[in-house]
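Remarks on the structure that follows.
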Amino acid sequence: MGKEQDRDEKFVRCAIFVDKDAVLMISEYRDHHRFDIAEYKKERHVTEDPVDSKVPGESVIYDGGFVSMNPCPARGEKSNYILDITLTRSPEDGKRLRKELEAFAASYLPEGLKAMGCVK
């Protein structure tokens, strides 16, 4: 079951629950300033083996999570969309599920960009 956790004009966070436990968190941000997403994640997730992802945009996959930054052209030249997905499972599960998480992120990204008003 999915449940929206927080929302405002530029931010939304949803959780996916299995047996009343949150197993996946999806956070989306719109109109964000540009920064080095890879460096940001590598500094904060050094023990989780962060590497560049093949998903469009500036994207990083790590054990237990994924994050990307993409332009949000419909909102202005300096606007960026950030997709941040976190598995709330064990580190072993995070490592084992990297390919599935990356595939999920790749399929979610275009719809997230549309839903947040970044593309027309």
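This chain uses plain numbering: 1 for the first residue, then up along the sequence.
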### Query
Mind checking what makes side-chain hydrogen bond (donor to acceptor under 3.5 Å, both in side chains) contact with T86, not counting sequence neighbours?
none
### Task
Please report the closest heavy-atom contact between P110 and S107, naming both atoms and the distance.
CD-O, 3.5 Å
#### Entry: CE-CG distance between M116 and L83, expressed to the nearest 0.5 angstrom
10.0 Å
### Message
For Y29, give me all partners under side-chain hydrogen bond (donor to acceptor under 3.5 Å, both in side chains), at least two apart in sequence or on another chain.
### Response
none
Scan the side chains in residues 97-105 for donor-acceptor partners under 3.5 Å anywhere in the protein, sequence neighbours excluded, and list what turns up.
| unit_1 | atom_1 | unit_2 | atom_2 | d |
| --- | --- | --- | --- | --- |
| R98 | NE | D63 | OD1 | 2.7 |
| R98 | NH1 | D49 | O | 3.4 |
| R98 | NH2 | E48 | O | 3.0 |
| R98 | NH2 | D49 | O | 2.4 |
| R98 | NH2 | D63 | OD1 | 2.9 |
| E102 | OE2 | S53 | OG | 2.5 |
| E102 | OE2 | K54 | N | 3.1 |

### Task
Not counting sequence neighbours, list each pair that qualifies as a side-chain hydrogen bond (donor to acceptor under 3.5 Å, both in side chains) and has a residue in residues 17-27.
R13-S27
### Query
Could you state the interatomic distance from CD (E58) to CD1 (I82), rounded to the nearest 0.5 Å?
10.0 Å
### Query
Can you pull the disulfide bond (SG atoms under 2.5 Å apart) pairs that have at least one residue in residues 75-105, sequence neighbours excluded?
none
### Query
Can you name the side-chain contact (heavy atoms from CB on, under 4.5 Å) partners of R96, sequence neighbours left out?
D93
### Message
If you compare all heavy atoms of E28 against all heavy atoms of G112, which two are closest, and at what distance to 0.1 Å?
### Response
OE1-CA, 3.3 Å
### Query
Taking only residues at least two apart or on different chains, which pairs with a member in residues 67-82 satisfy salt bridge (Lys or Arg N to Asp or Glu O under 4.0 Å)?
D31-R75
#### Entry: Listed partners of R30 passing salt bridge (Lys or Arg N to Asp or Glu O under 4.0 Å), at least two apart
E9
### Query
Taking all atoms of both residues into account, what is the closest heavy-atom pair of Y81 and L113, and its distance?
CD2-CD2, 3.4 Å
### Message
For S68, give me all partners under side-chain hydrogen bond (donor to acceptor under 3.5 Å, both in side chains), at least two apart in sequence or on another chain.
### Response
N70
### Query
Tell me the disulfide bond (SG atoms under 2.5 Å apart) pairs involving residues 50-120, sequence neighbours left out?
C72-C118
